[in-house]
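One structure is given here, and the rest of the page talks about it.
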Amino acid sequence: CYLDYIKFIGVIFMKISVIGGAGYVGLITALGASSMGHEVISTDIDEKKVQNLKINVSPIYEENLDSLLEFCNSKNKISFTSNSNEAIKESDLVIISVGTPTKINGEIDLSQVEMVTKYLINSIKNYTLIVIKSTLPITAVNVMKKELDSKFESGVDYDIISNPEFLREGRAVHDFYNPDRIVIGGDSNKSINILKEFYMPLINRDLNIPNNIFVSDKKIPIVETNLPSAQMIKYGSNAFLANKISFINEIAQICESVDADVNDVIFGMGIDPRIGKNYMQPGPGFGGPCLEKDLTALVELGNHFELEATFMKAILERNERQVELIFKKITNEVEVNSEITILGLSFKADTDDIRNSASIKLINLLVEKGYKVKSYDPKAKYTLNNQKYTQYNQIYASIESSNCIVIMTEWDEFKNIDLNKVYELMDTKIILDMRNLFDKNNDLINNFNYFGIGN
Ligand code: UDX
C-alpha cells in the first residue's frame, strides 16, 4: 500500500500541480514545493504572467521572491503553464490556491473554485489528493465534494484536505520556510499522512534554496484535525488578529481624549504574557485581501446557520470607522482646497498591494471633498482619473508646497526622511502620522504641528 511504500523508500518526492500558481499564495507554495524536491507544475489562467514567470519575472513584489524564482527555474524542478487540465493529469497532489474574492454584496465569489472543480472532474483518473490552500467557505467544500462525487466515473478515488496558509504579504517567503505551525485537516489518515510526507523536507530542513533566505531550526508543530476544524483555525486566526487591531485602534482613540499615550499603554499591557505586545500597533485600520474577507465570511457563515456573528460585525464596523476618523482629523486641521501629501499607498509596508488599503479610501474621500492630493509610495501605484490627484515617484517632490503630510504606511523610507528638508519644502507644517513612526518628543518633530495616533 501507499504508506508502506513511503516507509520503504524514506522521503518521497511527489508530482504536484498548483492551480492559481501566479497569485501570492500559489506562487510561494509552488516555489516552496519545488525547493522541497517535488516536481511542480504551476498553472494560472493569466498567460502573460505564466510567460513572465518562465523568464524569472514575478507578477508581485515580495522580499526574496525574485531570487527564489530564479533559483527554482535554474534547477528545472518547476514549470509554468496555463493548461490546468494537463497539469492535473500528471499529478499525485493538486494544490488549489485560486482567489476567493468578496463580491460587492458581501458574498464570496466562488467562480474560480467552480472552474477548478471542472478541471478536476475532467482530469483526475487515479487516486489524487486535492489540497485546499485558498480560504474557502466551509459550506463550499461540501458543495465541491458533492459535485466531484456526482460527476466522477466510478472507481475514481480522491481525498480533499484543508491546509491553510498563514503567509503575511511582504514576508511570505520567510513565512513559508519558517511556519509557526502546519495545519492539516482531513477525513482520512491516508490523506493526512500523504500531506505530512509532502512537508517532510521542510520539517527536516532538507531544502534547496538560495543562501539569502533565512531558515530557523525551530521545530515546526503539525496540527492534525478534521477538515472543517482546519478551516476554522484559519478563519479564527485572521478574525482574532483583526480583533486585536480594531481593539487597539479604539483604545488609541480613547487615549487621545484622556491625554494618555497609547505606546506606553501597549507596553504596560503587553508585559502581561496573556496579552503580549505583538500585533498591537494602532494605525489606519487593517487592509489587504484577507482579514476583512475572512471576517465577512464568518458573518455570512453565522447568517447561514442563523447565528448572528455580532462580535465579528463589530470588528469590521470599527475598522471602517478608522479611515473616517482620520478624514475628520484632516478636515479639522486643514482647509479644503489645500494640498495634502499621502505617504504610502499599500495596505502595509514591504508590499505593492493596495487591496482594501485605507490610503486609497482616504484619497477618494479627500479628493471628493475638494483637497488637492499628492501621493508617494516606494512600490505601490494608484491612478485616479481626477485632476485633483497626482502620484509622484520621488518623495520630496510629493511634499513640495504641501500643507499637510499624512503618513499611512510604515515604510522604512518614511522613518528615515530628512525632517529639516521636509520643513523647508512644506507650505504649512502639519504632519498626521497614522503609524506613529516618530517620537512626538523629538526636537525636529516639535517644529511641526504633529499628530500621532493615540498620543
Ligand atoms: C494576514 C495574516 O497576518 C496572515 O497570517 C494571513 O495568512 C493573511 O492575512 P496580511 O494581510 O499579509 O496577513 O498582513 P498583516 O501583516 O497581518 O497586516 C494586516 C493589516 O493589519 C495591515 O493593514 C496592517 O497594516 C495592519 N496592522 C497589522 C496594524 O494596523 N497593526 C498591527 O499591529 C498589525
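Here, residue 1 is the first one in the sequence, and each next residue gets the next number. As a basis for the values below, the full set of heavy atoms in this structure was taken, side chains included, without hydrogen atoms, waters or symmetry mates. One-based numbering, in listed order, for ligands and for the atoms of each. Every value quoted in this text rests on a predicted model; they were computed, and no experiment measured them.
Contact between C290 and ligand 1 is present, with at least one heavy atom of the residue lying under 4.0 Å from the ligand.
Nearest protein heavy-atom neighbour of atom 31 (N) of ligand 1: Q281 O, 2.8 Å. Closest protein heavy atom to atom 11 (O) of ligand 1: F347 CE1, 3.6 Å. Here the heavy atom of the protein found nearest to atom 7 (O) of ligand 1 is L167 O, 2.9 Å. For atom 15 (P) of ligand 1, the closest non-hydrogen atom of the protein is Y279 OH, 3.3 Å.
Note: Q322 CD to E250 CD = 9.0 Å, rounded to the nearest 0.5 Å.
When the options M434, K348, R355 are ranked by their closest heavy atom to atom 14 (O) of ligand 1, first place goes to K348. One option in R435, R168, K293 has a heavy atom closer to atom 13 (O) of ligand 1 than any other, and that option is R168. Counting heavy atoms only, I245 comes closest to atom 28 (C) of ligand 1 of the residues N238, D180, I245.
For E169 and R355, the salt-bridge test passes: some basic side-chain N is under 4.0 Å from an acidic carboxylate O. Look at E339 and K374 and you find a salt bridge, because one of the NZ, NE, NH1 or NH2 atoms lies within 4.0 Å of a carboxylate O, short of that distance.
Cation-pi contact between K234 and F166: present, with separation from the ring centre below 6.0 Å and deviation from the ring axis of at most 45°. With F71 as the aromatic partner, K75 meets the cation-pi criteria of under 6.0 angstrom to the ring centre and within 45 degrees of the ring axis.
In this structure, W411 and Y61 have tilted ring planes: the angle between them lies in the 30° to 60° band. Using cut-offs of 30° and 60° on the angle between ring planes, the pair F13 and H38 is perpendicular.
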Open item on the list: Go through it in stages, so that I can follow the logic: the residues are K133 and N163, the test is side-chain hydrogen bond (donor to acceptor under 3.5 Å, both in side chains), and I'd like the CA-CA distance, side-chain angles, deciding distance and then a yes or no.
Closed with: CA-CA 5 Å; K133 274 258 173 227; N163 173 222; 2.9 Å; yes
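Near F286, the atoms of ligand 1 lying under 4.0 angstrom from a non-hydrogen atom of the residue are 20 (C), 21 (O), 23 (O). Listed by number with element, the atoms of ligand 1 under 4.0 angstrom from any heavy atom of K234 are 6 (C), 7 (O). Ligand-side atoms of ligand 1 in range of M280: 33 (O), range being under 4.0 angstrom from any heavy atom. Residue E169 approaches ligand 1 through these ligand atoms, each under 4.0 Å from one of its heavy atoms: 12 (O).
Proximity of N249 to ligand 1, defined as any heavy-atom pair under 4.0 Å, is not found for any part of the residue. The side chain of L291, and not its backbone, has at least one atom closer than 4.0 Å to an atom of ligand 1 (non-hydrogen atoms only; side chain from C-beta on).
Between Y376 and Y396, the ring centre distance reaches or exceeds 6.0 Å.
Between F166 and ligand 1, an N or O atom pair is found at a separation short of 3.5 Å.
Side chains of T390 and K372: a donor-acceptor N/O pair is absent below 3.5 angstrom, by distance only.
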